[in-house]
Undergrad: 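For reference, the structure I am asking about is given below.
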Protein chains: 2
Amino acid sequence: MARAEDDRLHEGILRFEQICRERGIPVTVQRRVVLEELLESSTHPTADQIQRGVQRRIPGISQTTVYRVLELLVELDLARKTCSPGTACRYDGRTVRHHHLVCLSCDRIVDHDDPALNDLPFPDRGSTGFELREYSVQFLGTCPDCLNAPKDTEKIPP
Amino acid sequence: MARAEDDRLHEGILRFEQICRERGIPVTVQRRVVLEELLESSTHPTADQIQRGVQRRIPGISQTTVYRVLELLVELDLARKTCSPGTACRYDGRTVRHHHLVCLSCDRIVDHDDPALNDLPFPDRGSTGFELREYSVQFLGTCPDCLNAPKDTEKIPP
DNA sequence: CTGCCTGCAAACGATTTGCACCAGC
DNA sequence: GCTGGTGCAAATCGTTTGCAGGCAG
C-alpha cells in the first residue's frame, strides 16, 4: 500500500514536470508541494485539508495559491475535482479509472476498485452528441462509522 | 416524451401527498409547486433555476423556502441532489436508477438510460463496510454545444 | 392557543478576484 | 525591465440561520 502510493507519488511528479516542460509552465515549490500533498493523501481531501497539509512544509502559503494550483492541476488532468452533495469540493489525485463509495451521512468518499466496473459501455456518440472520455460509478449509502453512530454524525471525515 | 413526463409528474405528486399524509407533513402550495417544477423540468436545475420557475406561479416565494422545500424533498427521497464540479448544486426529480452525462465545459447534466448499466455488481458489504442502496454512473466529457463552440462557452445551460 | 411554514435579512463558508509585490528570465 | 506566480484582503456566490409574522389545525 505504502509502496503503491509511493509509486503514484513519483510517477505523478514526473508527469507534472514533463507537462510543465512541454508547455513552458514554471514548476514552483508551491505547485510541487501541493501536488505531492494531493498524491500522498488517500482520502479525498478538500482544498482546506490540502492547505493544512501543505502549510506544514510551506508555512507562509496562502489559501489562494492552493486553490490556484489545484485548478491548474485539474486543467492539466493531474487531478480530478469531485463535489459530493455535501459542502466543500474534494480533490482526487488518482487519474486512473476508479469508483467511489459516497457516504450520504458524513460526505466521506472512499475509493472502490472493481475490474467488473472498468469496462462499461460508453454511450453512443451519435445518439447523445457527447464526446465522453471517462466515467466513474458512484455508489451511495452509509459508511461503517455512520452506521455505528446512531445519528447526526459530525461532518468531519478523518 | 411529454406523456412520460406527465406520468412522472402525477406519480410524483401522488407519492408526495401519500408520504405527507403518513408522516403528518403539511402539503403547502409552495411545496407542491416546487415539486411540480422539479418534476416538469428534464434538465437538472439548480435551486436558482427552480426558484425562477416557481416564481412564475407564486410571485412572492422566497429563495429560502425553495431551499427548504428542496431539502425536504431530498429527505423524503423524492429528489436527488447532485453537485457537479462546477458551482451550484443541481436537483433531480427522477429517483429511478439512471445515469448522467456531465459536460466538463458548461456543467450541463443530461440523463442517460442504458439497461446494460442498470444491473452492476454492488460492492461487497463485508469488505467495504458500506451499506449501499443506489448507484449512478457519471460519464465525463463535452456536450454537443460546447463541442461546436470553440471555447469559453458560457456556463448557463438552457 | 399552539405549532410550524414562510419571508426577510443577516450570517456563513467556500471560492474567486483585484491589486501590489517579488523572483526569475 | 518584463512576465508571471504569489500573498493579502475584499468581493462574490450559493446556501443556511435567526427571528417575527401568519396561517392552519
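Naming: A, B, ... by sequence-line order, numbering from 1 per chain. Hydrogens, waters and symmetry mates play no part in the numbers below; they use all other heavy atoms, side chains included.
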Undergrad: Run the ring-centre check on His44(A) versus Tyr91(A) and record whether the distance is less than 6.0 Å.
TA: no
Undergrad: Run the side chain to side chain donor-acceptor pair (under 3.5 Å) test on Asp114(B) and His98(B) for me, step by step, so that the C-alpha distance in whole Å, both residues' side-chain angles and the decisive distance to 0.1 Å come before the verdict.
TA: CA-CA 8 Å; Asp114(B) 184 345; His98(B) 66 285; over 6 Å; no
Undergrad: Can you establish whether the number of heavy atoms outside Arg125(B) located under 6.0 Å from its atom CZ is more than 12?
TA: yes
Undergrad: Is a side-chain donor-acceptor pair under 3.5 Å present for Thr95(A) with Arg15(A)?
TA: yes
Undergrad: By the side-chain hydrogen bond (donor to acceptor under 3.5 Å, both in side chains) test, which pairs, at least two apart or in different chains, include something from residues 63-79 of chain B?
TA: Ser62(B)-Thr65(B)
Undergrad: I would like to know whether Leu76(A) and Phe16(A) meet side chain to side chain contact (heavy atoms under 4.5 Å, CB included); could you show each step before the answer?
TA: CA-CA 8 Å; Leu76(A) 300 181; Phe16(A) 174 56; 4.1 Å; yes
Undergrad: Between atom CG in Leu72(B) and atom P in dC4(C), what is the gap in whole Å?
TA: 14 Å
Undergrad: Using only side-chain N and O atoms of Ser62(A), determine if any of them is under 4.0 Å from OP1 or OP2 of dG7(D).
TA: yes
Undergrad: Which ones in residues 51-61 of chain B lie close to DNA chain C, meaning a heavy atom under 4.0 Å from one of its atoms?
TA: Gly60(B), Ile61(B)
Undergrad: Kindly write out the residues that satisfy side-chain contact (heavy atoms from CB on, under 4.5 Å) with Val29(A), not counting sequence neighbours, or none if the list is empty.
TA: Val33(A), Ile58(A)
Undergrad: By a strict heavy-atom criterion of less than 4.0 Å, which residues belonging to residues 26-35 of chain B are in contact with DNA chain D?
TA: none
Undergrad: Taking Arg8(A) for the side chain and Leu39(A) for the main chain, is one N or O donor matched with an acceptor at less than 3.5 Å?
TA: yes
Undergrad: Tabulate atom names and distances for all N/O pairs under 3.5 angstrom spanning the protein and nucleotides 20-25 of chain C.
TA:
none

Undergrad: When clusters are formed by joining ILVMFWY residues with side-chain heavy atoms under 4.5 Å apart, either directly or through shared neighbours, do Val54(A) and Val69(A) land in the same one?
TA: yes
Undergrad: In terms of hydrophobic clustering (I, L, V, M, F, W, Y; side-chain heavy atoms under 4.5 Å; direct or indirect links), are Leu72(B) and Val66(B) co-clustered?
TA: yes
Undergrad: Taking protein heavy atoms under 4.0 Å as touching, what does nucleotides 9-25 of chain D look like 5' to 3' if B marks base contact, S marks sugar-phosphate-only contact and - marks none?
TA: B----SBBBB-------
Undergrad: Verify whether the ring centers belonging to His99(A) and Phe139(A) lie closer than 6.0 Å.
TA: no
Undergrad: With hydrophobic residues grouped by side-chain heavy-atom distances under 4.5 Å, do Leu120(A) and Leu140(A) end up in a single group?
TA: no
Undergrad: Centre-to-centre under 6.0 Å for Phe122(A) and Tyr135(A), is that the case here?
TA: yes
